[in-house]
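Report on the structure given below.
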Amino acid sequence: MKMNKSNCEKAEMLVEVLPYVNRFRDKIIVIKYGGNAMINEELKKAVMQDLLLMKSVGMHPILVHGGGPAINDMLKKLKVESHFEQGLRVTDKETMEIVEMVLAGKVNKDIVGTLNQLGGKGIGLSGKDGNLILARKKYLEKNGEKIDIGYVGEVEEVNKEMLDSLIYSGYIPIISSIGMGKDGMSYNINADYVAGAIAKAVQANKFILLTDVEGIFRDYHDKNSLISRITLEEIEALEADGVISGGMVPKVDCCIDALRGGVDGAHIIDGRLRHSILLEVFFDEGIGTMIDREKEGVSE
């Protein structure tokens with residue numbers, strides 16, 4: 001029987017992924033979902049397919065998402081003014097109600113619906129469900145003074161037992177970045193930091209952040225300066241030198257925190273590529289930037 005060359009190549013690909021399937025079976029992989037992959041329907045479907053494949057071969061993905069564009073659209077429709085301080089949305093009570101409605105009520109359920117329509121067992125959560133994310137109020141400092149930016153929080157504690165119960169029962173948790181304070185109030189939390197805190201709490205084997213860039217560059221204007229692999233100590237040095245800037249700062253910070261907390265590896269990858277998660281998890285080359293906790297990582 002004459003074999004189709006394309007089918008042979010597909011078989012070779014399956015052989016290539018087998019060691020990674022074995023390595024990551026029963027391991028937890030936390031994914032921060034954001035950027036264009038949340039807006040583009042084709043990319044959105046590809047992310048959900050990636051989660052389904054990972055779950056079907058015995059891995060335990062957890063997805064954490066934000067939803068800034070959707071929040072902006074709703075605030076605009078409701079004619080509610082919004083402004084930022086040091087990159088964070090100043091969140092009064094009215095704005096917080098809208099943020100929670102959009103993140104936990106619309107964006108989260110849209111993601112869960114897409115995943116379940118494809119045959120998954122997604123379960124949507126906010127940090128308020130089952131006391132999943134205990135938050136504390138976050139303050140900023142400016143010129144030596146403390147600035148109150150409203151109902152903006154940071155993660156104080158994660159309910160690991162709840163997540164363990166869900167993932168080992170076959171579910172894929174889909175988590176919006178809302179936390180609940182001891183005062184019973186909702187707090188808006190940067191989704192990067194929520195994802196990092198969850199990765200640390202569950203001792204994830206991998207922590208993956210989807211972005212709208214190829215990874216971390218030594219010089220963002222030089223596309224040949226992409227760093228494919230770097231150690232924890234090296235990335236901290238780059239941040240101290242000001243090489244890490246803008247929107248990449250919270251992503252690198254949450255990676256550092258997760259790695260310091262015991263997570264094995266953090267990956268900042270381009271979510272604009274279809275099946276970018278699978279490319280990172282299952283293939284030798286990988287994509288984007290990998291940050292190693294151990295010293296044997298090599299920067300390029």
Side-chain angles (χ1 to χ4, degrees), residues 32-36 38-39 64-108 126-128 132-158 175-200 209-213 216 220 235-236 238-258 268 271:
K32 160 54 193 342
Y33 180 43
N36 203 46
M38 285 188 68
I39 301 171
V64 179
H65 69 86
I71 294 169
N72 291 337
D73 289 345
M74 184 59 71
L75 290 171
K76 186 175 180 180
K77 286 179 182 178
L78 297 176
K79 298 180 179 179
V80 176
E81 293 187 6
S82 180
H83 67 281
F84 291 80
E85 188 71 48
Q86 297 181 26
L88 295 175
R89 188 191 304 275
V90 177
T91 308
D92 59 17
K93 188 172 183 179
E94 180 184 18
T95 302
M96 186 63 237
E97 290 175 352
I98 295 169
V99 168
E100 186 169 9
M101 175 182 68
V102 172
L103 287 185
K106 185 181 188 304
V107 176
N108 186 270
S126 80
K128 297 175 73 173
L132 177 59
I133 301 170
L134 178 64
R136 57 176 172 263
K137 185 178 177 65
K138 182 179 180 66
Y139 291 92
L140 298 179
E141 285 191 12
K142 188 174 183 179
N143 299 324
E145 295 184 5
K146 183 183 289 187
I147 303 173
D148 188 337
I149 51 175
Y151 294 95
V152 176
E154 50 191 7
V155 178
E156 185 169 347
E157 188 177 330
V158 173
I175 303 167
S176 62
S177 54
I178 301 293
M180 186 172 72
K182 292 179 179 178
D183 55 6
M185 299 300 298
S186 299
Y187 286 88
N188 184 20
I189 311 174
N190 181 292
D192 292 335
Y193 292 118
V194 170
I198 287 174
K200 182 168 65 172
L209 292 95
L210 299 181
T211 67
D212 285 343
V213 295
I216 299 174
Y220 184 71
I235 197 69
E236 289 178 317
L238 285 184
E239 186 171 40
D241 290 340
V243 175
I244 311 299
S245 60
M248 192 58 72
V249 171
K251 299 184 188 307
V252 168
D253 281 347
C254 70
C255 287
I256 290 172
D257 185 56
I268 297 176

- [ ] Please test Y220 against V213 for side chain to side chain contact (heavy atoms under 4.5 Å, CB included), starting from the C-alpha separation and ending with a verdict.
- [x] CA-CA 10 Å; Y220 184 71; V213 295; 3.8 Å; yes

- [ ] Could you give me the CA-CA distance, side-chain angles and deciding distance for M38 and V107, then say whether side chain to side chain contact (heavy atoms under 4.5 Å, CB included) is met?
- [x] CA-CA 9 Å; M38 285 188 68; V107 176; 3.5 Å; yes

Pairwise side-chain contact, [X] with [Y], heavy-atom cut-off 4.5 Å (strictly under):
{"X": "I133", "Y": "I178", "value": "no"}
{"X": "L209", "Y": "C255", "value": "yes"}
{"X": "M96", "Y": "M185", "value": "no"}
{"X": "D253", "Y": "E239", "value": "yes"}
{"X": "Y139", "Y": "D148", "value": "yes"}

Task: side-chain hydrogen bond (donor to acceptor under 3.5 Å, both in side chains): pairs with one or both residues in residues 73-82, sequence neighbours excluded - done: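 Matches after skipping sequence neighbours: S82-R89.
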
- [ ] Count the heavy atoms of every other residue, nucleotide or ligand shown that sit under 6.0 Å from NZ of K137, and state whether that count exceeds 12.
- [x]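 Enclosed: over 12 neighbouring heavy atoms sit under 6.0 Å from NZ of K137.
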
Distance in Å, [X] [atom1] paired with [Y] [atom2], rounded so as to fall on 0.5 Å steps:
{"X": "K106", "Y": "I71", "atom1": "NZ", "atom2": "CD1", "result": "11.5 Å"}
{"X": "L88", "Y": "L140", "atom1": "CG", "atom2": "CG", "result": "5.5 Å"}
{"X": "D192", "Y": "D257", "atom1": "CG", "atom2": "CG", "result": "12.0 Å"}
{"X": "I198", "Y": "S177", "atom1": "CD1", "atom2": "OG", "result": "9.5 Å"}
{"X": "N108", "Y": "H65", "atom1": "CG", "atom2": "NE2", "result": "3.5 Å"}
{"X": "I98", "Y": "D92", "atom1": "CD1", "atom2": "CG", "result": "8.0 Å"}

Return the minimal non-hydrogen interatomic distance between [X] and [Y], and the atom names on each side.
{"X": "Y187", "Y": "A135", "value": "CB-CB, 4.1 Å"}
{"X": "V155", "Y": "A197", "value": "CG1-CB, 3.7 Å"}
{"X": "Y193", "Y": "C254", "value": "CD2-CB, 3.9 Å"}
{"X": "D212", "Y": "N36", "value": "OD1-N, 2.8 Å"}
{"X": "E85", "Y": "I149", "value": "CB-CG2, 4.1 Å"}
{"X": "G66", "Y": "K32", "value": "N-CE, 4.3 Å"}

Open item on the list: Please determine whether side chain to side chain contact (heavy atoms under 4.5 Å, CB included) holds for the pair V102 and L75, giving the CA-CA distance in whole Å, both sets of side-chain angles, and the decisive distance to 0.1 Å.
Closed with: CA-CA 10 Å; V102 172; L75 290 171; over 6 Å; no

Task: T91 side chain to V152 backbone, donor-acceptor under 3.5 Å - done: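 Absent.
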
Task: Side chain N143, main chain E145, donor-acceptor under 3.5 Å - done: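 No, because the side chain of N143 does not come within donor-acceptor range (under 3.5 Å) of the backbone of E145.
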
TODO: Show your reasoning for whether side chain to side chain contact (heavy atoms under 4.5 Å, CB included) applies to V252 and L238.
DONE: CA-CA 10 Å; V252 168; L238 285 184; over 6 Å; no

